[in-house]
Trainee: 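I have a structure I would like to understand better, so I am pasting it below and will then ask my questions one at a time.
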There are 2 protein chains.
Amino acid sequence: MLELRLVQGSLLKKVLESVKDLVNDANFDCSATGFSLQAMDSSHVALVALLLRSEGFEHYRCDRNLSMGMNLNNMAKMLKCAGNDDIVTIKADDGGDTVTFMFESPTQDKIADFEMKLMDIDSEHLGIPEAEFQAIVRMPSAEFARICKDLSSIGDTVVISVTKEGVKFSTRGDIGTANIVCRQNTTVDKPEDATVIEMQEPVSLTFALRYMNSFTKATPLSNQVTISLSSELPVVVEYKVAEMGYIRFYLAPKLEEDDIENQAEARPEVNKKPKEEPIVDAKPISAIKPKLEVKAEDENKPQIESTTAVGSKEEIDLMDDE
Amino acid sequence: MLELRLVQGSLLKKVLESVKDLVNDANFDCSATGFSLQAMDSSHVALVALLLRSEGFEHYRCDRNLSMGMNLNNMAKMLKCAGNDDIVTIKADDGGDTVTFMFESPTQDKIADFEMKLMDIDSEHLGIPEAEFQAIVRMPSAEFARICKDLSSIGDTVVISVTKEGVKFSTRGDIGTANIVCRQNTTVDKPEDATVIEMQEPVSLTFALRYMNSFTKATPLSNQVTISLSSELPVVVEYKVAEMGYIRFYLAPKLEEDDIENQAEARPEVNKKPKEEPIVDAKPISAIKPKLEVKAEDENKPQIESTTAVGSKEEIDLMDDE
DNA sequence: ACTAACCTCC
DNA sequence: GGAGGTTAGT
């Protein structure tokens with residue numbers, strides 16, 4: 001038996017709006033820790049990790065760990081039927097093959113329930129490294145979204161370069177080039193307008209703007225976004241979900257042209273563009289995971305027991321960090 | 001060396017949004033007088049003339065007159081990347097084949113630079129007559145836009161008739177007819193709501209709504225629009241650009257059906273529609289230009305020295321009038 | 001040619 | 001705040 005009551009139902013609506021374009025089907029994992037999801041995008045290039053901690057729910061009952069496969073588009077359709085002020089309750093029976101979403105209007109005048117069939121989904125639970133980053137940029141999420149949108153009208157990829165002075169977003173396309181520099185700025189009226197750069201070492205990485213623009217669909221969730229960068233590692237674009245957790249997007253950097261040229265393969269084309277780097281194929285996240293084993297605090301936390309895929313020790317990292 | 005700093009960058013954004021649908025490629029002419037553009041639309045039926053006077057810029061440096069050929073769509077794409085409050089600087093080197101747009105956020109936290117390749121464009125600089133008009137209508141630009149949009153759902157052409165009582169916009173289509181009369185009205189709370197009619201002589205002219213609707217893309221630039229009419233002359237639809245100049249659209253009237261019937265050519269078709277009157281082909285503006293030579297005040301103003309086309313005396317009229 | 005985002009009107 | 005239209009992008 002599962003029953004999760006979320007007073008701020010709009011959070012779940014926003015979460016789904018931000019994920020449904022990237023991922024078609026995914027398993028929601030439910031344990032005493034919280035309600036979480038981890039999935040690769042359909043082209044296996046990007047990865048999404050969501051965590052909504054149990055403490056964020058008004059009522060959280062999860063008798064037995066459950067992994068519920070859902071079509072996110074359909075789930076989003078149902079959640080769209082909830083008012084923004086509605087209280088949302090997610091219900092499922094342990095044995096059942098359906099999930100029920102209940103929407104209560106704030107005045108209790110309207111109560112709706114939507115039942116959705118669950119699906120069997122092969123979960124590709126990956127261990128996600130809790131890495132040290134060379135640079136972490138925190139900036140207003142709307143500004144980041146605007147930059148990604150603007151640059152994608154000029155080019156397909158963005159080079160994100162962090163130095164002490166600030167973070168630079170650059171692109172190049174047929175019609176010209178573009179560079180946008182954001183300086184660190186902590187002396188702002190509202191803290192959500194701050195741009196903070198924590199840099200251990202300068203770093204410069206290239207990413208596909210198409211995915212960045214998908215990630216920024218999560219902008220309504222938080223005023224701030226955190227971009228964590230390290231050479232060779234996937235970038236982490238994180239939006240906090242108020243009082244509850246986070247949604248994180250991972251994207252492997254494209255190889256710089258230099259790197260491609262250094263590769264042994266004979267490639268006859270000249271002026272070849274940097275190629276997409278699928279996270280799983282070229283640089284599986286598990287392969288670049290630092291030698292970080294289960295932390296002590298994990299011991300007394302329940303593990304995910306997936307109904308469709310058995311979780312390994314590694315998989316727990318996703319839920320227990322932070 | 002060219003460096004034009006425009007504090008209200010949104011003006012340039014709006015200017016490009018209003019021109020890019022009409023004209024694909026055009027030369028921007030830069031002289032001590034200001035930053036200007038004159039171009040025919042792609043089908044050579046309408047003409048756009050833009051002037052942003054140097055005094056309107058916070059900083060205006062133009063060592064040598066320059067004519068810069070730009071793809072207006074690409075330029076618009078780049079300007080879209082500027083925030084509405086951004087300060088826009090246009091930079092170009094005298095010999096160079098690129099132009100750079102710099103956008104500074106009001107707080108200086110974000111600085112963007114966009115570089116764009118220039119093009120070689122055959123400029124068809126036409127002399128534009130400084131005509132006397134039989135009627136000049138000044139009215140709220142939004143109202144004019146609304147009328148053109150509404151009428152174009154009924155018919156393809158609009159007959160604009162000015163009498164002492166007011167201005168009438170009429171159309172006729174398969175589904176019926178429409179007449180919209182706006183009376184002169186100067187007793188309004190806000191001056192921008194006024195409708196003012198200066199009429200020497202009643203006039204009635206027919207225009208293609210398709211172009212009128214293109215012109216009204218400039219509506220965001222000004223609360224008021226001025227429509228200047230004379231028989232046989234192209235209409236001038238003018239929007240002032242605050243503190244800086246204007247954007248003017250010229251469109252030759254269609255021949256009335258009567259006129260067509262009076263023409264010698266044997267045309268077998270019955271119910272023939274009024275034909276498009278290209279400004280250059282049927283009624284070249286130079287041909288209908290009143291015998292108005294260069295005015296005295298022109299003498300001490302610098303002339304445009306185009307790098308791709310040498311300007312004639314006539315061409316200067318565009319920039320020096322008003 | 002279709003879809004999605006934006007903007008305006010109701 | 002919702003709906004519809006328009007426009008831009010795929």
Side-chain angles (χ1 to χ4, degrees), chain A residues 8-10 13-14 16-24 41-43 45 72-73 76-77 79-86 103 105-107 109-110 112 141-158 171 173-176 178 208-221 273 276, chain B residues 10 13-24 41-42 71-84 140-154 156 180 192-193 209-223:
Chain A
Q8 205 179 341
S10 61
K13 292 181 66 169
K14 290 178 191 165
L16 260 106
E17 287 306 308
S18 73
V19 183
K20 75 175 210 294
D21 292 330
L22 211 54
V23 182
N24 291 121
D41 85 294
S42 356
S43 53
V45 170
L72 300 191
N73 255 304
K77 274 185 192 167
L79 287 171
K80 270 188 189 161
C81 302
N84 275 325
D85 301 327
D86 283 5
F103 309 141
S105 70
T107 54
D109 294 335
K110 195 180 78 183
S141 57
E143 195 174 332
F144 177 63
R146 176 69 196 268
I147 289 169
C148 291
K149 179 174 147 277
D150 283 351
L151 291 189
S152 60
S153 78
I154 312 287
D156 297 329
T157 61
V158 57
T171 193
D174 293 339
I175 71 168
L209 278 166
R210 182 183 145 218
Y211 291 99
M212 286 293 172
N213 276 316
S214 265
F215 301 167
T216 60
K217 295 276 159 64
T219 302
L221 278 167
K273 293 199 178 150
E276 212 76 77
Chain B
S10 61
K13 293 181 66 171
K14 290 178 191 164
V15 162
L16 259 106
E17 286 307 308
S18 73
V19 182
K20 74 175 213 290
D21 292 330
L22 212 52
V23 182
N24 291 123
D41 85 293
S42 356
N71 175 302
L72 299 191
N73 252 305
N74 292 344
M75 182 178 173
K77 267 187 192 169
M78 292 193 165
L79 286 172
K80 268 188 189 161
C81 302
N84 276 326
S141 57
E143 196 174 331
F144 177 63
R146 179 65 196 269
I147 289 169
C148 292
K149 179 173 148 278
D150 286 350
L151 291 189
S152 61
S153 75
I154 312 286
D156 297 329
I180 301 174
E192 62 257 37
D193 291 336
L209 277 166
R210 182 184 147 219
Y211 290 99
M212 286 292 170
N213 276 316
S214 264
F215 301 166
T216 60
K217 295 278 158 64
T219 302
L221 278 168
S222 171
N223 288 322

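Here the structure is a predicted model, which means the values were calculated and not measured. Chain naming here is simple, since letters A, B, ... match the order of the sequence lines and numbering starts at 1 in each.
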Trainee: Nearest heavy-atom pair of Leu209(A) and Cys148(A): which atoms, and what distance?
Mentor: CD2-O, 3.8 Å
Trainee: Closest heavy-atom contact between Ser18(B) and Ala218(B)?
Mentor: CB-CA, 3.4 Å
Trainee: For Glu17(B) and dA8(D), what is the distance between atoms CD and P respectively, to the nearest whole Å?
Mentor: 7 Å
Trainee: Who pairs with Lys13(B) by salt bridge (charged side-chain N to carboxylate O under 4.0 Å, His left out), at least two apart in sequence or on another chain?
Mentor: none
Trainee: Report the C-alpha distance between Asn71(B) and Ile175(A) in whole Å, list the side-chain angles of each, state the deciding distance to 0.1 Å, and finish with yes or no for side chain to side chain contact (heavy atoms under 4.5 Å, CB included).
Mentor: CA-CA 9 Å; Asn71(B) 175 302; Ile175(A) 71 168; over 6 Å; no
Trainee: Only counting residues at least two apart or in another chain, list the ones meeting ring-ring contact (aromatic ring centres under 6.0 Å, His included) with Phe215(A).
Mentor: Phe249(A)
Trainee: Atom NZ of Lys77(B) and atom P of dG9(D): how far apart are they, to the nearest Å?
Mentor: 6 Å
Trainee: Report all interatomic pairs (protein N or O, nucleotide N or O of nucleotides 3-10 of chain C) with separations under 3.5 Å.
Mentor:
none

Trainee: Roughly, in whole Å, what's the span from NZ in Lys20(B) to C1' in dA8(D)?
Mentor: 8 Å
